Amino acid sequence: MIRAIRGTRDLLPPDTDLWNRVEAKVRDVFARYNFNEIRTPIFEDTSLFARGVGEDTDIVTKEMFTWEDKGRAASEKSQSLTLRPENTAGVVRAYIEHGLDKQGKLQKLYYIGPQFRRERPQKGRYRQFYQIGAEIIGPPSAGSESPARDAEVIEMLATLLNDLGLRGWALELNSVGGAADRARYNQALRVALKPLVYQMCSDCQRRAETNPLRVLDCKVPEDQPIIEKLPKISAYLDDACREHFAAVRAMLDAVGIPYTINERMVRGLDYYTRTTFEFTHGDLGAQSAVVGGGRYDGLSESLDGPRAPGIGFAIGEDRLILALEAEGVTAAGSLDAYIAPLGAGMNSHALKLARELRRAGVRCDLGDESFRLKKSFEAAKRAGARYIVIVGENEVNSGEFAVKELASGKQETVVREKLKAYLSS
Ligand code: HAM
């Protein structure tokens, strides 16, 4: 028997109802903040991620699904391609490729779609997972560097999570400064780590050389006391970055969005500058980050594009669904009615009635005239319908229908014109 590949999963009804409800709410909320959808390819040139996400990140060194695409004709060169591990690099590539900077305005773009990382699968961590992301990017003259944009995306996320009914989220905030600040901080970490790193895990020993900031991501318990005593990034921010971060915090305070500062949160991608943030949820175990995001003021230039500061985030949709389920949030949409034709020649009448009701917005399922009454009731229950409507010769002639509520067994006669209101009450 052929099974789904480890780390991938099938999403089946009724679970997909909740996924659809989340995505409909996302599109509704994002539209209110003037975001428009972008769809980029699922695979890209490998170098986009190597240069965009960063050569020494875990994503690029260990987690990408990469293959050599041979090209079909002799004239076509072979090319290294990669399934996208995230969508920000693709959005910025599209921004550059289509000259969106020339519109001279902020681009507010969102996406919903699968991403791929070869991580060790566990609850909340998959090899194909889904992200809901948004980015604000544009020329500095359009205001893309303003801390108001950071506050806007974070406030939008808080609104979205609240509107979805999620309660147990927490926001962690940090500033990783500009490139120069980070270079100074990395140097300070190198110096501080030098006499200690031999006591740490092999990953930390490597990172202390290549990218000391990544040491802060280490989860090995024995390394934590050492990491806690390392220099803090806040001491290395220049005045402009410090003021920018203070402005973001002041705006969040003004709208009453609670957060904590986590100076160890450096995020797993190298493009971040200044504000970084995560929304976590307490019911998710080890994979507690539901949303990750931040500013990437130099990403466009590192991909040979124009200066185009930006900020954005991605929600892990799989984890958002797990968190909602843990809080008992479910999708409401159930079936209103099961239309049961009774007797030969009744299929057309039942289809006609179902057509009227469906066009009026009633969620209906439809039986078959070959079913006896008992079988129709069983089918209606299995379909999860609230009511069953019998369509027999007498009902069609009189225009009055027997309607039974399946849970209570209560039965009433309802005239055709009132059926819509009755069934959707
Ligand atoms: P990220 O933190 O790598 O950021 O991923 C964002 C979210 O995707 C995570 O918080 C998590 O919820 C979810 N996620 C990541 N990996 C997995 C996985 N293997 N299984 C399930 N869920 C996962 C980014 O991807 C950035 N592009 C976000 C961003 C947009 N920053 C600025 N703009």
Side-chain angles (χ1 to χ4, degrees), residues 5-9 11 22 30 35 38 40 44 48-49 52-54 57-60 62-65 83-95 107-137 144 149-150 152-154 156-157 161 166 169-172 174 176 214 217 262 265-281 283-300 308-324:
I5 302 298
R6 200 166 112 83
T8 73
R9 15 185 228 150
L11 303 173
V22 164
F30 287 5
F35 281 81
I38 181 169
T40 65
E44 300 261 8
L48 172 66
F49 305 113
V53 173
T57 56
D58 281 356
I59 293 179
V60 171
K62 326 188 218 186
E63 295 170 1
M64 295 203 301
F65 289 94
L83 291 180
R84 62 184 188 198
E86 62 100 51
N87 217 156
T88 308
V91 168
V92 175
R93 181 207 40 76
Y95 175 90
Q107 301 291 330
K108 298 175 85 174
L109 304 166
Y110 80 89
Y111 48 84
I112 300 176
Q115 318 291 332
F116 304 85
R117 296 183 194 175
R118 191 189 275 108
E119 295 193 79
R120 204 161 38 73
Q122 62 180 82
K123 186 182 165 211
R125 190 162 72 193
Y126 311 99
R127 292 183 167 182
Q128 173 171 340
F129 59 100
Y130 294 81
Q131 282 187 343
I132 297 169
E135 316 287 351
I136 304 184
I137 178 169
S144 55
R149 302 287 70 77
D150 307 43
E152 185 183 22
V153 297
I154 293 170
M156 176 169 83
L157 275 164
L161 297 180
L166 193 71
W169 58 262
L171 168 61
E172 294 184 7
N174 192 18
V176 295
R214 294 267 86 86
D217 288 337
N262 176 359
M265 190 190 51
V266 289
R267 312 267 304 116
L269 305 97
D270 277 350
Y271 49 62
Y272 288 114
T273 53
R274 296 192 165 177
T275 314
T276 55
F277 59 89
E278 280 182 2
F279 285 73
T280 58
H281 192 278
D283 295 338
L284 292 178
Q287 306 306 318
S288 64
V290 179
V291 186
R295 197 164 255 295
Y296 43 86
D297 291 347
L299 179 55
S300 170
I311 177 149
F313 62 82
I315 303 170
E317 192 174 2
D318 308 74
R319 293 187 194 171
L320 174 59
I321 299 280
L322 285 171
L324 287 167

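Order of listing sets the numbers, starting from 1, for every ligand and every atom in it. Computed from a predicted model, the values in this text were never measured in an experiment.
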K.L.:
Could you tell me whether Phe313 and ligand 1 have an N or O pair separated by under 3.5 Å?
P.N.:
yes
K.L.:
Looking only at heavy atoms, is any part of Arg319 under 4.0 Å from ligand 1, and if so is it the side chain, the backbone, or both, or is it neither?
P.N.:
side chain
K.L.:
Show the atoms of ligand 1 that are less than 4.0 angstrom away from any heavy atom in Gly124.
P.N.:
20 (N), 21 (C), 22 (N)
K.L.:
Using a 4.0 Å cut-off to any heavy atom of Glu119, which atoms of ligand 1 qualify?
P.N.:
16 (N), 17 (C), 18 (C), 19 (N)
K.L.:
List the closest protein heavy-atom neighbour of atom 7 (C) of ligand 1: residue, atom name, distance to the nearest 0.1 Å.
P.N.:
Ala314 O, 3.6 Å
K.L.:
Taking all atoms of both residues into account, what is the closest heavy-atom pair of Ala286 and Gln122, and its distance?
P.N.:
CB-NE2, 3.9 Å
K.L.:
Please could you name the atoms of ligand 1 that Glu135 approaches to less than 4.0 Å, counting only its heavy atoms?
P.N.:
30 (C), 32 (C), 33 (N)
K.L.:
Go through ligand 1 atom by atom and flag the ones less than 4.0 Å from a non-hydrogen atom of Tyr272.
P.N.:
26 (C), 28 (C), 29 (C), 31 (N), 32 (C)
K.L.:
In terms of residue, atom name and distance, what is the protein heavy atom nearest to atom 1 (P) of ligand 1?
P.N.:
Arg267 NH2, 3.5 Å
K.L.:
Can Glu44 and Arg93 be counted as an ion pair, charged N to O under 4.0 angstrom?
P.N.:
yes
K.L.:
For ligand 1, which atoms have a heavy atom of Glu86 less than 4.0 angstrom away?
P.N.:
25 (O), 26 (C), 27 (N)
K.L.:
Val290 versus ligand 1: do any nitrogen or oxygen atoms come within less than 3.5 Å of each other?
P.N.:
yes
K.L.:
Identify the heavy atoms of Ala94 and Ile38 that sit nearest to each other, and give their distance.
P.N.:
CB-CD1, 4.1 Å
K.L.:
In terms of atom number and element, which parts of ligand 1 are under 4.0 angstrom from non-hydrogen atoms of Ala289?
P.N.:
10 (O), 11 (C), 12 (O)
K.L.:
Between the main-chain N or O of Gly124 and the side-chain N or O of Tyr126, is there a donor-acceptor pair closer than 3.5 Å?
P.N.:
yes
K.L.:
Say whether Tyr130 and ligand 1 are in contact under the criterion: heavy-atom distance to a ligand atom below 4.0 Å.
P.N.:
no
K.L.:
Provide the closest heavy-atom pair for Tyr272 versus Gly293 in the form atom of the first, atom of the second, distance.
P.N.:
CE2-C, 3.7 Å
K.L.:
Nearest heavy atom to atom 18 (C) of ligand 1 wins, so pick from Phe129, Tyr111, Tyr296.
P.N.:
Phe129
K.L.:
Is the distance between the ring centroids of Tyr110 and Phe30 under 6.0 Å?
P.N.:
yes
K.L.:
Decide side-chain contact (heavy atoms from CB on, under 4.5 Å) for Ile137 and Lys108; before the verdict, give the C-alpha distance in whole Å, the side-chain angles of both, and the deciding distance to 0.1 Å.
P.N.:
CA-CA 7 Å; Ile137 178 169; Lys108 298 175 85 174; over 6 Å; no
K.L.:
Starting at CD1 of Ile315, measure out to CG of Leu157 and round the result to the nearest 0.5 Å.
P.N.:
5.5 Å
K.L.:
With a cutoff of 4.0 Å, is Gly293 in contact with ligand 1, counting heavy atoms of the residue only?
P.N.:
yes
K.L.:
Which bit of Gln131 is near ligand 1, meaning a heavy atom under 4.0 Å away: side chain, backbone, both or neither?
P.N.:
side chain
K.L.:
If the threshold is 4.0 Å, N to carboxylate O, is there a salt bridge linking Asp150 and Arg274?
P.N.:
no
K.L.:
I'd like to know whether ligand 1 has Phe279 as a neighbour, heavy-atom separation below 4.0 Å.
P.N.:
no
K.L.:
Is the shortest distance from a Lys or Arg side-chain nitrogen in Arg120 or Glu63 to a carboxylate oxygen in the other one below 4.0 Å?
P.N.:
no
K.L.:
Take Asp318 and Arg125 through the salt bridge (Lys or Arg N to Asp or Glu O under 4.0 Å) test and state the conclusion after the steps.
P.N.:
CA-CA 8 Å; Asp318 308 74; Arg125 190 162 72 193; over 6 Å; no
K.L.:
Quick one: which ligand 1 atoms are inside 4.0 Å of a heavy atom on Leu269?
P.N.:
3 (O), 4 (O)
K.L.:
Hey, which atoms in ligand 1 end up nearer than 4.0 Å to a heavy atom of Gly292?
P.N.:
10 (O), 28 (C), 29 (C)
K.L.:
Are Arg118 and Phe65 in a cation-pi setup, meaning NZ or CZ lies under 6.0 angstrom from the ring centre and within 45 degrees of the ring axis?
P.N.:
yes
K.L.:
With only distance considered, is Asp318 within less than 3.5 Å of ligand 1 through an N or O on each side?
P.N.:
no
